[in-house]
Amino acid sequence: GQNIDQPTEMTATEGAIVQINCTYQTSGFNGLFWYQQHAGEAPTFLSYNVLDGLEEKGRFSSFLSRSKGYSYLLLKELQMKDSASYLCAVFSGGYNKLIFGAGTRLAVHP
Amino acid sequence: DVKVTQSSRYLVKRTGEKVFLECVQDMDHENMFWYRQDPGLGLRLIYFSYDVKMKEKGDIPEGYSVSREKKERFSLILESASTNQTSMYLCASSSSEDTEAFFGQGTRLTVV
């Protein structure tokens, strides 16, 4: 089977650090993606991990552990504009099937 | 600039109508996807296609069909629209399994 789990909602303070977790169970695995989606807009790509470890990209970092079926997105120096939903996604099984978790809605407050 | 274009931003249809949602990408991508997004449920995969004329069911294909006659165009068809198909529909495309997907702006469909 296939399953991707994320927390539904998180809140954090401007300037702080927040970690959004994602666990997955899929048949076949070709890497994990993180997307950001602001309300009323389409998702946009943030990061891709295929090997274990941490990938850093400015204020955003993403971590993957393939053996644990676990990833997290780390957002540093939070800004109000980071208030959005964060979606993790994997290609599952054969034939390039891209599936998403339900998303984590992050609210950043002053 | 890469682009995925959906034919309509907002659509209102009557119950029982046949509805066509069109998606065009200009990046020569192999893979194309149709999702619906509902509050609390995230993006759920309806159908996807990895090549021209090839299609595979996603997780919620019931009540939908698709067509991919040309590489750049992927159409979602609601054979007989029902009120429970009121949703935001998102199309996406990608070149392979290790590259990101690009999304269209979405079509908000209301079935009355």
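Proteins get letters first, then strands, A, B, ... in listed order; numbering begins at 1 in each. It should be emphasised that the depicted structure is a prediction, and the values quoted were computed from it without experimental measurement.
- In this structure, A:Glu56 pairs ionically with A:Lys76, as a charged nitrogen and a carboxylate oxygen lie closer than 4.0 Å.
- Residue B:Ala92 does not touch chain A at all, counting heavy-atom pairs closer than 4.5 Å.
- Taking a cutoff of 4.0 Å between a charged side-chain nitrogen and a carboxylate oxygen, A:Arg59 and A:Glu77 do not qualify as a salt bridge.
- Two residues are said to be in side-chain contact when any heavy atoms from C-beta on lie closer than 4.5 Å; B:Ile77 and B:Tyr64 fail this criterion.
- When heavy atoms are compared at a cutoff of 4.5 Å, A:Gln37 approaches chain B solely by way of its side chain, counted from C-beta outward.
- Residue A:Leu87 touches chain B through its side chain alone, counting heavy-atom pairs closer than 4.5 Å.
- B:Thr99 touches chain A through its backbone: at least one of N, CA, C or O sits under 4.5 Å from a heavy atom, while the side chain does not.
- Salt-bridge formation is not detected for the pair A:Lys97/B:Glu56: no Lys NZ or Arg NE/NH1/NH2 atom is positioned less than 4.0 Å from an Asp or Glu carboxylate oxygen.
- Side-chain contact of B:Trp34 with B:Ser49: a donor-acceptor pair under 3.5 Å is absent, judged by distance alone.
- Each of A:Gly40, A:Gly103, A:Pro43 has some count of heavy-atom pairs under 4.5 Å with chain B, and the biggest count is that of A:Pro43.
- Of the listed residues B:Asp51, B:Leu90, B:Asp59, the one with more heavy-atom pairs under 4.5 angstrom with chain A than any other is B:Asp59.
- Side chains of B:Tyr35 and B:Tyr47: no donor on one and acceptor on the other come within 3.5 Å.
- Between chain A and the options B:Met54, B:Arg44, B:Met88, B:Gln37, the largest number of non-hydrogen pairs under 4.5 Å is found for B:Gln37.
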